[in-house]
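Residue numbering restarts at 1 for every chain, and letters A, B, ... go by the order of the sequence lines. All of these numbers come straight from a predicted model, not from anything done at the bench. Because only heavy atoms are used, hydrogens play no part in the values below, and waters and symmetry mates are left out as well, while side chains stay in.
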Protein chains: 2
Amino acid sequence: MINNKNCIIRLSRYKNALVRFKTLGFIKIFSEYLADAVGGTSAQVRKDFSLFGISGNKRGGYQIDALIAKLNSILGKNEVQKVVLVGAGQLGSALVRYNTFEKEGIKIIAAFDIDPAKINPKAPTPILQIDEMARFILKNGVRIAILSVPDSAAQQTLDMLVKAGIKGVLNFAPIELKGTNDCIINNVNLAVELENLIYFVNVTAKATV
Amino acid sequence: MINNKNCIIRLSRYKNALVRFKTLGFIKIFSEYLADAVGGTSAQVRKDFSLFGISGNKRGGYQIDALIAKLNSILGKNEVQKVVLVGAGQLGSALVRYNTFEKEGIKIIAAFDIDPAKINPKAPTPILQIDEMARFILKNGVRIAILSVPDSAAQQTLDMLVKAGIKGVLNFAPIELKGTNDCIINNVNLAVELENLIYFVNVTAKATV
DNA sequence: TAGATTGTTAATCGATTAACAATC
DNA sequence: TAGATTGTTAATCGATTAACAATC
């Protein structure tokens with residue numbers, strides 16, 4: 001595939017913006033308006049679409065319904081995506097109950113933790129022992145995992161997940177995990193995101209003094 | 001400033017990797033090893049450093065202690081960064097108690113919510129009424145906010161924050177907020193991050209079939 | 001038809017990487 | 001000294017943007 005991560009993220013943003021346009025009653029949209037909505041350029045919108053063979057009508061723009069359907073299909077949103085979560089601590093528990101995932105067709109079908117006190121197989125999203133994890137993943141054909149364990153446990157947990165057949169991991173542990181051919185890693189480091197913001201706020205403040 | 005966001009994120013990663021090297025007992029390090037640790041190239045490490053006037057010793061590499069100190073200074077980590085959080089729901093509450101922030105010198109000094117049931121001024125991190133927010137921010141000179149309100153409230157909450165003097169916002173609401181000259185926005189959309197992962201996992205799966 | 005928007009090619013821009021002289 | 005690594009310049013690479021012919 002020729003497409004890069006930023007491009008796919010833009011597809012998600014287009015999709016979200018289009019849903020809002022649709023609820024406002026719009027039927028069709030021009031690349032210019034969609035660009036405005038996501039903070040890009042119309043050329044980029046058309047370029048992104050053309051990379052995926054999405055075409056509109058010259059002079060008529062794009063049909064919103066068809067466009068959303070096409071984007072959903074590309075982004076794998078035609079079926080509910082089953083994921084598991086490992087590490088039911090503060091952040092992990094919040095993610096288990098995070099409504100937006102459900103709205104977006106992402107279903108956390110089980111969570112796993114090493115702490116016996118956290119186990120609760122009867123919860124709406126069952127919290128299970130970590131030694132049941134591999135079997136559960138295999139049995140349910142899960143390919144995506146959310147990792148929210150302490151950083152000291154991150155690498156070994158990742159190894160377990162990969163061995164069980166997980167192909168993609170969203171990692172919240174504050175340590176950079178590296179992807180392999182077997183498994184893609186998407187690192188989300190919240191402290192780094194804040195540090196970044198702090199840096200640019202400080203730079204801007206100094207620049208204007 | 002000439003530096004881009006990715007470059008600053010790399011500085012954070014270098015810093016984190018160096019702290020690990022230091023705990024392992026290393027005193028100095030070559031660009032090559034640091035690059036390996038963060039998954040980059042040695043040329044990029046040296047380039048990034050030279051952009052910030054960081055220099056090492058030809059043939060001797062970089063002194064880890066001095067390097068960490070310099071990076072901490074650039075990233076504003078010499079003093080505790082005070083931030084406020086708005087929206088003490090599932091995710092917001094988890095972030096309030098998220099240890100990694102504390103470890104990284106980021107202190108959430110107060111949270112705000114519109115729901116009276118959530119108010120708790122006596123908590124370790126006080127949860128206050130949202131109508132006290134502007135005064136609190138002004139009084140404490142806070143410049144950074146974490147936004148974890150529902151998407152329907154995101155834009156109006158942002159407006160309040162900017163009016164109160166906030167200069168940078170880490171936004172978790174699943175709607176793309178746009179920065180202005182007054183205030184920088186860093187959008188973290190967890191569903192989009194997962195969608196992205198799902199896309200690449202699916203593409204890889206199809207490619208190997 | 002005249003006018004406006006798409007789809008795509010070519011130009012630009014910026015970031016990453018390679019290469020190598022300087023030098024410890 | 002000989003060898004290895006930095007610091008920086010130049011080359012490469014890829015992504016974004018501009019431009020415009022096609023056409024509805």
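- For N57(B) and K28(B), the side-chain atoms include no donor-acceptor pair closer than 3.5 Å.
- A side-chain donor-acceptor contact under 3.5 Å links N187(A) and N171(A).
- Aromatic pair Y62(B)/F30(B): ring centres not closer than 6.0 Å.
- Atom CG in L51(B) sits roughly 12 Å away from atom C1' in dT16(C) (whole-Å rounding).
- Without hydrogens or angle criteria, S42(B) side chain to S31(B) main chain gives no donor-acceptor distance under 3.5 Å.
- The aromatic ring centres of Y33(B) and F21(B) sit 6.0 Å or more apart.
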*Do nucleotides 6-14 of chain C as a string where each nucleotide becomes B, S or -: B if the base has a protein heavy atom under 4.0 Å, S if just the sugar-phosphate does, - if no protein is that close.*
BBBB-----
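- Within the structure, every pair that satisfies the salt bridge (charged side-chain N to carboxylate O under 4.0 Å, His left out) test and touches residues 161-182 of chain A, not counting sequence neighbours, is listed here: E176(A)-R13(B).
- In this structure, Y33(A) places its OH atom 11 Å from C1' of dA4(C), rounding to the nearest Å.
- A donor and an acceptor atom, one from each side chain of Q155(A) and D159(A), are located under 3.5 Å apart.
- Using a distance-only test at 3.5 Å, with no hydrogens or angles considered, a donor-acceptor pair links the side chain of N189(A) to the main chain of A191(A).
- Counting only Watson-Crick or G-U wobble pairs whose defining distances are both under 3.5 Å, the stems of 3 or more consecutive pairs in DNA chain D are C:3-24 with D:3-24.
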